[in-house]
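See structure below.
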Number of protein chains: 2
Amino acid sequence: MNAVSNRKPDYERLLRKAGVRVTRPRKVIVGILTQSDDHPDALEIFKRAVAIDKTISLSTVYRTMKLLESMGAIHRHAFEGGPSRFEQAGGDHHDHLIDLDTGDVIEFKSDRIEQLQDEIARALGYEIIHHRLELYGRKKKSSG
Amino acid sequence: MNAVSNRKPDYERLLRKAGVRVTRPRKVIVGILTQSDDHPDALEIFKRAVAIDKTISLSTVYRTMKLLESMGAIHRHAFEGGPSRFEQAGGDHHDHLIDLDTGDVIEFKSDRIEQLQDEIARALGYEIIHHRLELYGRKKKSSG
DNA sequence: ATTCATGCAAAGGCTTTGCATGCAA
DNA sequence: TTGCATGCAAAGCCTTTGCATGAAT
């Protein structure tokens, strides 16, 4: 297992570069993303946004997430049995371990697994476009 | 990568053992599962069921899949951007490669990856309850 | 001044559920 | 005969979308 780095994109710059408008709602939303190190869903982002600007709508959150995703600025994860959750792009590729009790997401990375995946796909005559590896588990109580 | 075996459960027996009724709709649905080697979603199962018995409802399909799942007789997979798809349990554990062009699902198994997953979880202080490994890819055109 | 983005409410896709009826045991 | 299972329709959850208004350029 390898370390997972995490550098945050300059969203406003990305928005300008994409030729879209840097509006108040978008500023609020990307501000939230910048300050987040977790994997919030749209509703959670909406709540955080409303705390800053009461006029923001949930639709705009969804639209903005979709926009950022299409720009490659964030990643969308559909973990089991819940709404999509988002995280900032820009860090290394990694996979996720989801704590079944808390919903917490722990990032990890294994070059060895990636390599094995490639081998498998190749053996089956496929080229991997992307993959999803999620471990669902519970914290081991080490002694209390 | 290892071979994936596939033996089918005797659903009616499982139903009886679970103490639930072996009704006409349930017979039709498990009959369809027995004859399937693909990964149909609820609507697809419903269509196949209606071809046999016009009176079956989609609700019953959903209810039956939920029942079978709770009995461990089938597995539910929520592949990207689509409805849940089901497959018979009873074969070896395996993971999935989804053909992005056709939606086809190819099963594979890698003990080595499983082992690495366990190591990762252990290193993070977690016990894996279950996991999900999906490769999304396209067939390599080998020469045309 | 334009045009794009927003808020709102409605709808859409998948799935579950309440209820009265029907069928398995 | 008794109660579980069914069909139907309605609702629920998450997400998208149509439309008129408002704001960024």
Side-chain angles (χ1 to χ4, degrees), chain A residues 11-32 39-71 73-86 103, chain B residues 11-32 39-71 73-86 103:
Chain A
Y11 293 104
E12 297 203 12
R13 205 165 79 79
L14 288 174
L15 288 171
R16 279 182 233 284
K17 200 162 67 178
V20 301
R21 292 180 183 172
V22 180
T23 62
R24 175 149 175 64
R26 284 176 180 165
K27 279 185 198 167
V28 171
I29 292 167
V30 302
I32 288 165
H39 298 68
D41 60 32
L43 189 59
E44 175 61 31
I45 293 168
F46 171 65
K47 285 176 188 164
R48 295 180 195 176
V50 164
I52 296 166
D53 176 350
K54 287 188 203 303
T55 74
I56 285 175
S57 77
L58 182 54
S59 319
T60 295
V61 173
Y62 276 111
R63 278 192 276 236
T64 302
M65 299 323 280
K66 193 166 267 262
L67 173 66
L68 294 173
E69 189 187 8
S70 75
M71 291 165 36
I74 59 168
H75 293 135
R76 174 191 302 261
H77 302 292
F79 299 136
E80 285 194 345
S84 292
R85 297 172 64 172
F86 303 93
Chain B
Y11 293 104
E12 298 204 10
R13 205 165 79 80
L14 288 174
L15 288 170
R16 279 182 234 283
K17 200 162 67 179
V20 301
R21 292 182 182 169
V22 180
T23 62
R24 176 149 174 64
R26 284 177 181 165
K27 279 185 198 167
V28 172
I29 292 167
V30 302
I32 288 164
H39 298 66
D41 60 31
L43 189 59
E44 175 60 31
I45 293 168
F46 171 65
K47 286 176 187 163
R48 296 180 194 177
V50 165
I52 296 167
D53 176 350
K54 287 190 203 300
T55 73
I56 285 176
S57 76
L58 183 55
S59 319
T60 295
V61 173
Y62 276 110
R63 278 192 277 236
T64 302
M65 300 322 282
K66 193 166 267 259
L67 174 66
L68 294 173
E69 189 187 8
S70 75
M71 291 164 37
I74 60 168
H75 292 136
R76 174 191 302 260
H77 301 292
F79 298 136
E80 285 194 346
S84 292
R85 297 172 63 172
F86 304 93

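Just so we're on the same page: letters track the sequence lines, and every chain starts at 1.
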Begin from the C-alpha positions of Ile52(A) and Ile32(A) and carry the test side-chain contact (heavy atoms from CB on, under 4.5 Å) through to its verdict.
CA-CA 9 Å; Ile52(A) 296 166; Ile32(A) 288 165; 3.9 Å; yes
Could you please spell out the steps behind the side-chain contact (heavy atoms from CB on, under 4.5 Å) verdict for Ile29(B) and Met65(B)?
CA-CA 9 Å; Ile29(B) 292 167; Met65(B) 300 322 282; 4.1 Å; yes
Picking from dT6(D), dG7(D), dA5(C), which would you name as closest to the side chain of Ser57(B)?
dG7(D)
May I have the distance from Asp53(B) (atom CG) to dC23(C) (atom C1'), rounded to whole angstrom?
13 Å
Any idea which heavy atoms bring Tyr11(A) and Leu68(A) closest together, and the distance?
CD2-CD2, 4.1 Å
Nearest heavy-atom contact between Ile74(B) and Phe86(B) is CD1-CD2, 3.7 Å
side-chain contact (heavy atoms from CB on, under 4.5 Å), that's the test. Do Val28(A) and Arg48(A) meet it? Break it down for me.
CA-CA 9 Å; Val28(A) 171; Arg48(A) 295 180 195 176; over 6 Å; no
Determine to 10° how strongly the helix from dA1(C)-dT25(D) to dA25(C)-dT1(D) is bent, judged from the axes of its five-pair ends.
30°
Output the rounded distance in Å from CD (Glu80(A)) to C1' (dC14(D)).
17 Å
Does dA5(D) have OP1 or OP2 sitting under 4.0 Å from an N or O in the side chain of Thr60(B)?
no
Using whole Å, what does the distance between atom P of nucleotide dC14(D) and atom CZ of Phe46(A) come to?
14 Å
Would you check if the side chain of Arg85(A) reaches a backbone N or O of His77(A) as a donor-acceptor pair within less than 3.5 Å?
no
For the side chain of Arg16(A) and the backbone of Val22(A), is there at least one donor-acceptor N/O pair under 3.5 Å apart?
no
Please examine the side chains of Leu15(A) and Arg21(A), heavy atoms only from C-beta on, and report whether any two atoms are closer than 4.5 Å.
no
Lys54(A) NZ - dC8(C) P separation (whole Å)
13 Å
Treating Thr64(B) as the side-chain partner and Thr60(B) as the backbone partner, does any N or O pair qualify as donor plus acceptor under 3.5 Å?
yes
Pairs under 3.5 Å (N/O, protein and nucleotides 20-24 of chain D):
{"unit_1": "dA24(D)", "atom_1": "N3", "unit_2": "Arg21(A)", "atom_2": "NH1", "d": "3.4"}

Distance in angstrom units between Met65(A) CE and dA5(C) P, rounded
17 Å
Might you list the N or O atoms of the protein lying below 3.5 Å from N or O atoms in nucleotides 15-17 of chain D, with each pair's distance?
{"unit_1": "dT15(D)", "atom_1": "OP1", "unit_2": "Ser84(A)", "atom_2": "N", "d": "2.9"}
{"unit_1": "dT15(D)", "atom_1": "OP1", "unit_2": "Ser84(A)", "atom_2": "OG", "d": "3.1"}
{"unit_1": "dT15(D)", "atom_1": "OP2", "unit_2": "Tyr62(A)", "atom_2": "OH", "d": "2.5"}
{"unit_1": "dT15(D)", "atom_1": "O5'", "unit_2": "Tyr62(A)", "atom_2": "OH", "d": "3.4"}
{"unit_1": "dT16(D)", "atom_1": "OP1", "unit_2": "Lys66(A)", "atom_2": "NZ", "d": "2.9"}
{"unit_1": "dT17(D)", "atom_1": "O4", "unit_2": "Ser59(A)", "atom_2": "OG", "d": "3.3"}

What integer distance in Å separates Ile29(B):CD1 from dA5(D):P?
13 Å
State, with a plain yes or no, whether a side-chain heavy atom of Glu69(A) is found less than 4.5 Å away from one of His75(A).
no
Starting from C1' on dC14(C), measure out to NE2 on His77(B) and report it in whole angstrom.
18 Å
Note, Arg24(B) side chain near Thr55(B) side chain (heavy atom, < 4.5 Å)
no
Glu44(A) CD to dC14(D) P, in whole Å, measures 13 Å
